[in-house]
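Single-structure report; data block below.
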Amino acid sequence: MCGWDTDCNAGNVGTIAGVLGGLDSIPAKYRAPINDSIVLSGLPGSLNILDLPTFSRVLASIGYRLAGETPPRSIREGLERGDGERALHFDFSLPGSTHGFRVSDPVPFAVAARRDPADPMKGLLEFRFERVLREERGKLFWKPFYRRADFDDERYSPVFSPLARTGQKVRIAFTRESWEGDTIGVAGYVRDSHSGREIETTTMTFPKVGEERVLEFTIPDTEGSQVDEVGLILVGWTGAGKRDSGRLLIRSFSISGPARYRIDFARQAFEFGSVTPFSHDGGRWTLQDGRMHLMTAEPALSYTGGHAVRDQRVSAQVRPLAGTSHLVGARAAGAMRSYLAGFDGPNRIAIIRRDFGVERLATADFPWEADREYELAFSAIGEELLLSIDGKPLLSCRDSRHGFGMIACGALSPSRALYGPFEVEEC
């Protein structure tokens with residue numbers, strides 16, 4: 001049933017041709033503009049940014065598991081880091097794979113897939129630079145987050161949560177070839193999606209021809225905004241009047257490790273019917289006075305963060321305005337499965353498990369008031385679930401039903417409230 005819902009004859013024909021003839025049967029003029037990129041419109045924003053090689057591995061891995069077999073190492077390596085935790089890892093080994101990498105200027109700079117001449121079973125990403133003048137700059141980058149300006153229509157109203165977050169580790173392995181000129185500089189960088197500011201994360205390094213280099217850096221604090229580009233900045237460094245030509249050959253690119261970040265709604269926007277970087281399920285969500293405002297006559301929840309995060313802590317400033325349900329959440333796998341905690345009725349707090357139904361795992365009396373500011377903090381560490389209010393631990397329980405998911409906030413009954421800023425720590 002592959003290709004059943006592509007919604008057009010061309011998509012169905014392309015799928016059949018690809019299965020019958022393999023990759024070589026699809027001309028480059030059709031593949032190149034797609035650049036391995038997939039954008040979806042599902043509820044979990046962190047699952048809406050995909051690339052074809054990684055998604056192919058995900059589908060193959062599911063097929064092996066359904067058949068009761070262990071996926072081969074070549075598939076597992078593209079989906080996991082060493083301890084088995086899901087992470088972003090691109091090795092460019094599948095034929096023609098670019099994983100959606102882009103360049104800043106298509107005139108002196110270009111990106112393409114190629115095989116490794118030393119090992120034809122491995123792939124490389126070629127970042128080519130031609131006749132670059134001294135101090136002329138170019139970028140090779142991957143997009144872990146999208147904004148409305150990245151699209152030319154709103155038909156599918158996609159929503160996104162960033163796949164690269166403050167505190168995570170970036171690792172880029174590469175070598176350099178030179179055709180003309182002597183010296184180029186290379187540095188790591190990220191871009192702040194709110195201000196558009198490019199933040200260089202490493203000191204400029206000057207790789208020698210043929211030298212294997214590994215550039216590593218921690219994604220810096222963007223002060224409540226998101227990162228929407230991660231990659232390398234290349235700078236021509238040969239003497240005045242001379243030019244540099246050659247290429248960097250990227251062997252691998254990965255983003256892994258726990259994040260620790262802040263969401264400041266003064267640095268967010270209302271796009272595609274949602275408040276960045278959240279995706280909403282029910283209710284009316286808007287920006288109001290630097291906060292996220294919810295008004296709903298039905299259950300309504302909003303989600304962000306990594307979908308595969310296991311242990312996490314989330315805290316948020318919450319001001320109840322009307323109604324009796326005002327909650328924050330952790331390990332939300334989607335619209336029907338999550339842990340929630342907070343105000344759950346007059347003078348009551350609760351820890352709640354949603355699993356295609358609602359079950360209160362723990363409750364306690366607490367005299368909360370409307371139109372007053374509270375800090376709700378909820379953690380899910382192992383099987384331990386803990387709710388704190390204004391820094392005081394008040395309610396805890398143990399449960400192992402949900403092992404991973406996003407953070408959340410919202411209500412299970414008619415309510416109105418202001419949320420934010422948020423502090424998130426992945427453990």
Side-chain angles (χ1 to χ4, degrees), residues 43 45 145-149 154 157 159-162 165-166 192-197 221-228 260-305 313-330 332 340-344 346 349 366-378 387-392 406-425:
L43 179 65
F145 185 64
Y146 289 100
R147 298 290 303 275
R148 175 63 185 86
E154 300 198 11
S157 296
V159 289
F160 306 102
S161 299
R165 302 179 290 278
T166 295
D192 181 331
S193 71
H194 170 70
S195 65
R197 181 170 62 102
D221 185 5
T222 52
E223 300 178 346
S225 179
Q226 290 75 239
V227 165
D228 66 359
R260 186 169 185 171
Y261 58 98
R262 175 181 172 86
I263 301 173
D264 181 352
F265 289 102
R267 294 172 173 265
Q268 305 304 324
F270 189 78
E271 300 177 346
F272 289 124
S274 298
V275 176
T276 60
F278 285 80
S279 52
H280 311 315
D281 181 31
R284 182 172 183 268
W285 301 82
T286 56
L287 285 170
Q288 180 176 310
D289 299 326
R291 312 282 291 279
M292 186 163 66
H293 175 251
L294 167 63
M295 183 166 60
T296 184
E298 60 184 355
L301 291 165
S302 191
Y303 306 92
T304 191
R313 297 184 181 92
V314 55
S315 65
Q317 296 296 318
V318 180
R319 180 184 288 272
L321 300 176
T324 60
S325 180
H326 310 284
L327 307 163
V328 294
L340 302 171
F343 305 138
D344 182 49
I349 56 176
F366 182 83
W368 63 272
E369 303 171 8
D371 204 29
R372 177 181 165 185
E373 195 86 11
Y374 294 92
E375 181 187 358
L376 298 187
F378 184 41
L387 170 66
S388 301
I389 299 178
D390 293 334
K392 297 179 181 179
M406 305 168 285
I407 66 164
C409 67
L412 295 180
S413 61
S415 294
R416 181 169 169 252
L418 292 169
Y419 291 90
F422 282 76
E423 300 278 352
V424 182
E425 181 181 4

Point-to-point distance, once rounded to the nearest 0.5 Å, from [atom1] of [X] to [atom2] of [Y]:
X	Y	atom1	atom2	value
Leu387	Leu340	CG	CG	11.0 Å
Leu327	Asp344	CG	CG	6.5 Å
His326	Leu418	NE2	CG	10.5 Å
Arg416	Asp371	CZ	CG	9.0 Å

Criterion side chain to side chain contact (heavy atoms under 4.5 Å, CB included) against Pro277, the qualifying member of Tyr303, Phe145, Phe160
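Among the candidates, only Phe145 passes.
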
inquiry  = Between His293 and Arg284, is the side chain to side chain donor-acceptor pair (under 3.5 Å) condition met? List the steps.
reply    = CA-CA 8 Å; His293 175 251; Arg284 182 172 183 268; 5.4 Å; no

For Leu376 and Ile389: C-alpha separation, side-chain torsions, deciding distance, then whether side chain to side chain contact (heavy atoms under 4.5 Å, CB included) applies. CA-CA 5 Å; Leu376 298 187; Ile389 299 178; 3.7 Å; yes

**OP:** Test Tyr419 against Phe278 for ring pair (Phe, Tyr, Trp, His ring centres under 6.0 Å), laying out the working first.
**Re:** CA-CA 12 Å; Tyr419 291 90; Phe278 285 80; 9.0 Å; no

Does any non-hydrogen side-chain atom of Phe265 lie less than 4.5 Å from one of Gln288?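 No, their side chains stay 4.5 Å or more apart.
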
Less than 4.5 Å apart, side chain to side chain, heavy atoms only: is that true for Arg267 and Asp192?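 Yes - at least one pair of side-chain heavy atoms lies under 4.5 Å apart.
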
Would you name the heavy atoms of [X] and [Y] that are closest together and state the gap between them?
X	Y	value
Glu298	Gly283	OE2-N, 3.3 Å
Leu43	His280	CD1-O, 3.7 Å
Pro421	Asp264	CB-CA, 4.4 Å
Trp368	Pro320	CZ3-CB, 3.8 Å
Thr296	Ser413	CG2-O, 4.1 Å
Arg262	Glu423	NH1-OE2, 2.8 Å

Would you find a donor on one side and an acceptor on the other, under 3.5 Å apart, between the side chain of [X] and the backbone of [Y]?
X	Y	value
Ser388	Ala377	no
Ser225	His194	yes
Asp390	Glu375	yes
Thr276	Ala269	yes
Ser193	Gln226	yes
Thr222	Val227	no
Arg165	Tyr261	no

Please determine whether side chain to side chain contact (heavy atoms under 4.5 Å, CB included) holds for the pair Trp285 and Cys409, giving the CA-CA distance in whole Å, both sets of side-chain angles, and the decisive distance to 0.1 Å. CA-CA 11 Å; Trp285 301 82; Cys409 67; 4.0 Å; yes

Worksheet item: Between Phe272 and Tyr146, is the gap from one ring center to the other below 6.0 Å?
Response: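 Centroid distance Phe272-Tyr146: not below 6.0 Å, so no.
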
| With a 4.0 Å cut-off, would you call Arg291 and Glu373 a salt bridge? |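 Counted as a salt bridge, because a side-chain N and a carboxylate O are separated by less than 4.0 Å.
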
Next on the checklist: Looking only at side-chain N and O atoms, does Ser161 offer a donor or acceptor that is under 3.5 Å from a partner on Thr304?
Outcome noted: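 Yes, side-chain donor-acceptor contact under 3.5 Å.
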
